[in-house]
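Hydrogens, waters and symmetry mates are skipped; everything else that's a heavy atom, side chains included, is used. One-based numbering, in listed order, for ligands and for the atoms of each.
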Amino acid sequence: MSGKEFLDSVDKVFDNAASVLNLSEQVAHQIKSPNSTYKLNFGVRIKNKMFTFTGFRCVHSEHLEPVKGGIRYAIHADQSEVEALAALMSYKCALVDIPFGGSKGALIIDPKKFNPNELEKITRRFAQELIKRDLINPSQNVPAPDMGTGEREMAWIADEYRKLNPIDINGFACVTGKPVNKHGIRGRVEATGRGVQYAIKEFFRHERDKKIANIQGGLEGKTIIVQGLGNVGYHAAKFLSKEDGAIIIAVIERDGGIFNNKGIEIDSLKKHISRTGGVKGYKGYTKNGNDLLKEKCDLLIPAALEGVINIGNARDIKAKVIVEAANGPITFGADKILRSKKVIIPDLYANAGGVTVSYFEWVKNLARIRFGRLHKREEENKIEKLLIALEKMTNTSLNHSYKKSLLKGSDEIDLVRSGLDDTMRHAYIDMSYKWHSTKKIPDLRTSAMCIALKKIALSYETLGM
Ligand code: NAD
């Protein structure tokens, strides 16, 4: 799917929701159009040759600041794609109550073609260009990782910002998704996949939604197909199989797919990919990976890129529930075919775990203190007193290892997961409630967009636009 088609798809979902809400044309226009998109070309000398790179940073909506959104490194990136992704960020933040506007950035590059030293040089130069224009700034615009980028790139960007702004005491909050030893937060790397897991667990708590999907029972033993075993797909697949007993029967990657109806061991497959660069050669390999999208399963999790479910294959999809871990994996045309037959858990909700934990990291950087540091021991002391009292009252002594597990106060990772779980639960309850409360809302996607638009419109109206 081209960037233009992707933007068109996002805008159509917007238009649907705006008409359900009866939003005035002026307000709808203000929200929908990106506030600005900056395109830059810059040169970097590598091995005595000058390479010119093209990058983008789009600011979609500044109803709240800073604006927030990842930076992706991809060869197919273009202006429309960045604008579609920035718009999704505005809607996503509003839906899950994260106090940020929406933004997104991209660099047209195949990161596999450059070694780490070269990538560092390119990233630092890209960052300088954006920092100079306040398109990276802790109070105005805060990037994060996305496709093709990770902790390493975020550490380079933060370092570049600190060099150019050495007296900004909030400097480390200029970007999130940093390594923990460089002012990051525990749980950020896993956050989007963890959020996908929490989203699915919440879906399983809603009997009415399960009935629509024709799905019974709990998550244990349910069959799942995952496309893309990168940051998001890997963590989601790992948590769902290891912690919830779901069975990952297929994984689809760039160079083919793996099928095993008894379940794929995700860590072993991930190791194979890291060692060989792809899934080829692993047990259950097939060259035609995309055919696996059509296999029978309970849940399909596209976690790679946009437009993979389109009018060409939508009618063949057999999954009962589709969880959009990637941004825009279902085109508007495919969505029309699928939405009356299946439950689609939409991207603006399903992959909101990343931005949620990014928000926690930003707050941690401003507060300059690790979550849990002040109250962990206090919590433990209180629990200990309670247990001693309980043992005295009942004249029994609790099992040692059980006692030890109860005596543990909350660490940063416990608090991050708790905050993320709470965010995902609340947003799903809101979406599901709205979906079933009026016939005008046909699905979770329209419901999610209506909730987001209402909040953004109110924010603009309060500002007196
Ligand atoms: P990533 O680069 O870590 O992983 C992407 C994976 O998809 C890789 O394993 C890649 O090999 C695979 N892939 C690429 N093209 C493919 C194809 N044609 N068929 C099958 N597999 C293919 O990226 P990511 O960070 O995991 O992001 C994946 C999606 O999730 C993107 O849409 C991104 O915008 C979205 N997302 C990511 C985050 C985050 O925190 N990283 C947050 C929100 C949304």
Among all residues two or more places apart in sequence or in another chain, which pass the side chain to side chain contact (heavy atoms under 4.5 Å, CB included) test with Ile212?
-> Val343, Trp435, His436

Parallel, tilted or perpendicular: ring planes of Phe126 versus Tyr73, cut at 30 and 60 degrees = tilted

Please tabulate, for side-chain N and O atoms in residues 286-294, each donor-acceptor pair with protein atoms closer than 3.5 Å (sequence neighbours left out).
residue	atom	partner	partner atom	Å
Thr286	OG1	Asn288	N	3.2
Asn290	OD1	Gln227	NE2	3.4

Is the NZ or CZ atom of Lys270 both under 6.0 Å from the centre of the six-membered ring of Tyr234 and within 45° of that ring's axis?
-> yes

Sidechain N-carboxylate O distance under 4.0 Å for Lys163, Glu160 | yes

Only pairs under 3.5 Å count here: list side-chain donor-acceptor contacts from residues 248-265, not counting sequence neighbours, and write none if there are none.
residue	atom	partner	partner atom	Å
Glu253	OE2	Leu229	N	2.7
Asp255	OD1	Val279	N	3.1
Asp255	OD2	Val279	N	3.0
Asp255	OD2	Lys280	N	3.2
Asn260	OD1	Lys262	N	2.9
Asn260	ND2	Gly263	O	3.4
Glu265	OE1	Ser268	N	3.2

With hydrogens left out, which residues have an atom under 4.0 Å from ligand 1, given that only heavy atoms count?
-> Arg72, Asp146, Met147, Gly148, Arg188, Thr192, Gln227, Gly228, Leu229, Gly230, Asn231, Val232, Ile252, Glu253, Arg254, Ala303, Ala304, Leu305, Ala325, Ala326, Asn327, Asn351

